[in-house]
Amino acid sequence: MRIFKIVFWILWRIWFYILMGLPIIIMLPFLLISISKEKWYPYFFVMARIWAKIILFGMGFRYKVEREQELEEGKSYMLVANHTSMTDIMLMLALVRNPFVFVGKKELVKIPLFGFFYKRTCILVDRSSSKSRMEVFNRAQKRLAQGLSICIFPEGGVPDDESVLLDEFKDGAFRLALEHQIPIVPMTFADNKKRFSYTFLSGSPGLMRAKIHRFVETKGHNADKKEIKQIKELVREIIYKQLLKFSNKKSA
């Protein structure tokens, strides 16, 4: 029985990367045009959402989302969620219609084809470099000024310890939100690690549950260390409590 599972996992993982690349090849001319000018990013974003949904459904994932509040069209937000899987990117794109830009680790640039567009449309961060972190902040400010939203996974990556439910949050997302006085949108992803973790021989098709929480407003708050810490801890507590609730509910 174990050997059949291993064969399934290997073929399933290969299929995932085929699904990542095939839609990009099909849409390539339109994708190249859409990234040729920054103001055309919303057109790229529409195609990115199609790409994400093809991968999710092609892998046998279905998602169910509970929304406590709806995002308003044309308004900028700071989107934050827990991070356990590469599919977090796809699920975020599938759930949010407002054009947003990811802040993500530069290592994903190495993925063939995907990395080409990732490098040109996302804000890349080298967390070992203080200069890189400042450049990220400046680029994020520019994107917010263009009316886009920003998505940051504030744990700063996937926790190294498998037993950690939710790692500590970094300051960056909350500092940006406070400086620009934009609402923070906490989001909790329940099943992405179970469905498609970074462990190669693991995962299965099935349900991905998510919750978009009531927004945390930043208007009237200062972007000082005390306020950043308070907002950061509040958002982390919202996501952490929801993860505990999800863990007590059985997913399909």
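These numbers come from a predicted model, not from an experiment.
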A.B. asks: Quick one, Arg120 and Phe44 - any side-chain contact, counting heavy atoms below 4.5 Å?
C.D. replies: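 No - every pair of side-chain heavy atoms lies 4.5 Å or more apart.
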
A.B. asks: Counting only N and O atoms by type, is there a donor-acceptor contact under 3.5 Å from the side chain of Arg214 to the main-chain atoms of Gln69?
C.D. replies: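 Pair absent, no side-chain N/O of Arg214 close to backbone of Gln69.
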
A.B. asks: What's the shortest heavy-atom distance between Ile55 and Leu19, and which atoms?
C.D. replies: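 The pair with the smallest heavy-atom distance is CG1-O, 3.7 Å.
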
A.B. asks: Report the C-alpha separation of Phe100 and Ile152 in whole Å, then their side-chain angles, then the decisive distance to 0.1 Å, and conclude whether the side chain to side chain contact (heavy atoms under 4.5 Å, CB included) test is met.
C.D. replies: CA-CA 10 Å; Phe100 65 83; Ile152 298 178; over 6 Å; no

A.B. asks: Does Arg13 qualify as a cation-pi partner of Phe196, given the criterion of NZ or CZ under 6.0 Å from the six-membered ring centre and within 45 degrees of its axis?
C.D. replies: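 Verdict for Phe196: a cation-pi partner in Arg13.
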
A.B. asks: Would you call Leu165 and Leu244 a side-chain contact if the rule is heavy atoms closer than 4.5 Å?
C.D. replies: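 Sidechains of Leu244 and Leu165: in contact.
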
A.B. asks: Between Arg49 and Val96, is there a donor-acceptor pair closer than 3.5 Å when you use the side chain of the first and the backbone of the second?
C.D. replies: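 Yes; judged by distance alone, with no hydrogens or angles, the pair exists.
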
A.B. asks: Compare every heavy atom of Lys53 with every heavy atom of Ala94, then report the nearest pair and how far apart it is.
C.D. replies: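 Smallest interatomic distance, heavy atoms only, reads O-CE, 3.9 Å.
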
A.B. asks: Are the side chains of Ser204 and Arg195 in touch, meaning some heavy atoms are under 4.5 Å apart?
C.D. replies: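 When only atoms from C-beta onward are counted, Arg195 and Ser204 do touch, with a gap below 4.5 Å.
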
A.B. asks: Angle between ring planes, His83 versus Phe153, binned at 30° and 60°: parallel, tilted or perpendicular?
C.D. replies: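 His83 and Phe153: parallel rings.
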
A.B. asks: Does one hydrophobic cluster hold both Phe215 and Ile184, with members joined at side-chain heavy-atom distances below 4.5 Å?
C.D. replies: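 Yes, one cluster joins them.
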
A.B. asks: CZ of Phe102 to CG of Leu93: how many Å apart, nearest 0.5 Å?
C.D. replies: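 If we round to the nearest 0.5 Å, Phe102:CZ and Leu93:CG are 4.0 Å apart.
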
A.B. asks: Examine Phe114 and Met27 and state if one hydrophobic cluster contains both, with Ile, Leu, Val, Met, Phe, Trp and Tyr joined whenever side-chain heavy atoms are less than 4.5 Å apart.
C.D. replies: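 Yes; Met27 is reachable from Phe114 via cluster members.
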
A.B. asks: Could you tell me the separation between the OG atom of Ser34 and the OH atom of Tyr43, rounded to the nearest 0.5 Å?
C.D. replies: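 Between Ser34 OG and Tyr43 OH, I get 10.5 Å after rounding to 0.5 Å.
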
A.B. asks: Which heavy atom of Trp9 sits nearest a heavy atom of Gly203, and at what distance?
C.D. replies: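 Closest heavy-atom pair between Trp9 and Gly203: NE1-O, 2.9 Å.
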
A.B. asks: Counting only heavy atoms not in Phe8, do more than 12 sit closer than 6.0 Å to its CZ atom?
C.D. replies: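 Result for CZ/Phe8: enclosed.
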
A.B. asks: Does any non-hydrogen side-chain atom of Ile10 lie less than 4.5 Å from one of Phe200?
C.D. replies: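 Yes, close enough: below the 4.5 Å cut-off.
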
A.B. asks: Is Glu155 close to Ile239 at the side-chain level, that is, under 4.5 Å between some pair of heavy atoms?
C.D. replies: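 No, side chains not in contact.
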
A.B. asks: Treating Tyr77 as the side-chain partner and Glu72 as the backbone partner, does any N or O pair qualify as donor plus acceptor under 3.5 Å?
C.D. replies: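 Answer holds: yes.
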
A.B. asks: Can you tell me if Thr218 uses its side chain to pair, donor with acceptor, with the backbone of Leu178 under 3.5 Å?
C.D. replies: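 Not a single qualifying donor-acceptor pair exists.
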
A.B. asks: Within this structure, what is the CD-CG distance for the pair Gln181 and Asn222, rounded to the nearest 0.5 Å?
C.D. replies: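 Atom-to-atom, Gln181:CD and Asn222:CG are 8.0 Å apart.
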
A.B. asks: Would you mind reporting whether Tyr118 and Leu124 have side-chain heavy atoms less than 4.5 Å apart?
C.D. replies: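 Contact flag for Leu124/Tyr118 side chains = yes.
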
A.B. asks: Quick one: do Phe30 and Trp51 end up in the same hydrophobic cluster if we chain Ile, Leu, Val, Met, Phe, Trp and Tyr together by side-chain heavy atoms under 4.5 Å apart?
C.D. replies: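 Both belong to a single hydrophobic cluster.
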
A.B. asks: Would you compute the distance between atom CE of Met208 and atom CE of Met59 and round it to the nearest 0.5 angstrom?
C.D. replies: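 CE of Met59 is found 8.5 Å from CE of Met208.
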
A.B. asks: Calculate, to the nearest 0.5 Å, the distance between atoms CZ and CZ belonging to Arg62 and Arg209 respectively.
C.D. replies: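 The distance works out to 11.0 Å.
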
A.B. asks: Where is the tightest heavy-atom contact between Leu95 and Ala210, given as atom of each residue plus distance?
C.D. replies: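 Heavy atoms only, the tightest pair is CD1-CB, 3.8 Å.
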
A.B. asks: Arg236 versus Lys232: any side-chain heavy-atom pair under 4.5 Å?
C.D. replies: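 Result no, sub-4.5 Å side-chain heavy-atom pair not found.
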
A.B. asks: Testing the basics here: between Ser149 and Lys75, what is the closest heavy-atom pair and its distance to 0.1 Å?
C.D. replies: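 That would be OG-O, 3.6 Å.
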
A.B. asks: For Lys229, does the NZ atom sit with more than 12 other heavy atoms under 6.0 Å from it, leaving out its own atoms?
C.D. replies: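 Open: at most 12 neighbouring heavy atoms sit under 6.0 Å from NZ of Lys229.
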
A.B. asks: Could you walk me through whether Ile123 and Ile150 pass side chain to side chain contact (heavy atoms under 4.5 Å, CB included), step by step?
C.D. replies: CA-CA 9 Å; Ile123 300 171; Ile150 299 292; 4.2 Å; yes

A.B. asks: Do the side chain of Asn192 and the main chain of Thr84 share a donor and acceptor less than 3.5 angstrom apart?
C.D. replies: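 No, because the side chain of Asn192 does not come within donor-acceptor range (under 3.5 Å) of the backbone of Thr84.
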
A.B. asks: Please step through ring-ring contact (aromatic ring centres under 6.0 Å, His included) for the pair Phe61 and Trp12, ending with a clear verdict.
C.D. replies: CA-CA 12 Å; Phe61 302 136; Trp12 196 55; 5.7 Å; yes

A.B. asks: What about Met86 and Leu11, same hydrophobic cluster or not, with Ile/Leu/Val/Met/Phe/Trp/Tyr joined at side-chain heavy-atom distances under 4.5 Å?
C.D. replies: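 Per the 4.5 Å side-chain linkage, Met86 and Leu11 are not co-clustered.
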
A.B. asks: Under 4.0 Å between a side-chain nitrogen and a carboxylate oxygen: does that hold for Glu73 and Arg97?
C.D. replies: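 Here Glu73 does not pair with Arg97 in a salt bridge, since their nearest N and O are not under 4.0 Å apart.
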
A.B. asks: Taking Val109 as the starting point, is it possible to reach Ile111 by hopping between hydrophobic residues whose side chains are less than 4.5 Å apart?
C.D. replies: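 Yes, Ile111 connects to Val109 through the hydrophobic network.
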
A.B. asks: What is the minimum heavy-atom distance between Ala81 and Pro154, and which atoms define it?
C.D. replies: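 Looking at all heavy atoms of both residues, the shortest contact is O-CD, 3.5 Å.
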
A.B. asks: Is it true that the NZ or CZ of Arg143 lies under 6.0 Å from the centre of Tyr41's six-membered ring and within 45 degrees of the ring axis?
C.D. replies: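 Positive - Arg143 is close enough to the ring of Tyr41 and near enough to its axis.
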
A.B. asks: Run through Lys241, Lys245, Lys211, His213 and flag the one making a side chain to side chain donor-acceptor pair (under 3.5 Å) with Thr188.
C.D. replies: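 Going through Lys241, Lys245, Lys211, His213 one by one, the side chain to side chain donor-acceptor pair (under 3.5 Å) with Thr188 is satisfied by His213 alone.
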
A.B. asks: Please report the interatomic distance CZ(Phe116) to CG(Leu31), rounded to the nearest 0.5 Å.
C.D. replies: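 Reported value, rounded in 0.5 Å steps: 10.0 Å.
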
A.B. asks: Is there a side chain to side chain contact (heavy atoms under 4.5 Å, CB included) between Glu179 and Gln141 once you walk through the steps?
C.D. replies: CA-CA 9 Å; Glu179 288 206 350; Gln141 285 184 313; 3.4 Å; yes

A.B. asks: Is the closest side-chain heavy-atom distance between Pro23 and Ile50 below 4.5 Å?
C.D. replies: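 Answer no - side chains too far apart.
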
A.B. asks: Ile238 and Val216: side chain to side chain contact (heavy atoms under 4.5 Å, CB included), yes or no, with the steps?
C.D. replies: CA-CA 10 Å; Ile238 290 169; Val216 175; 4.0 Å; yes

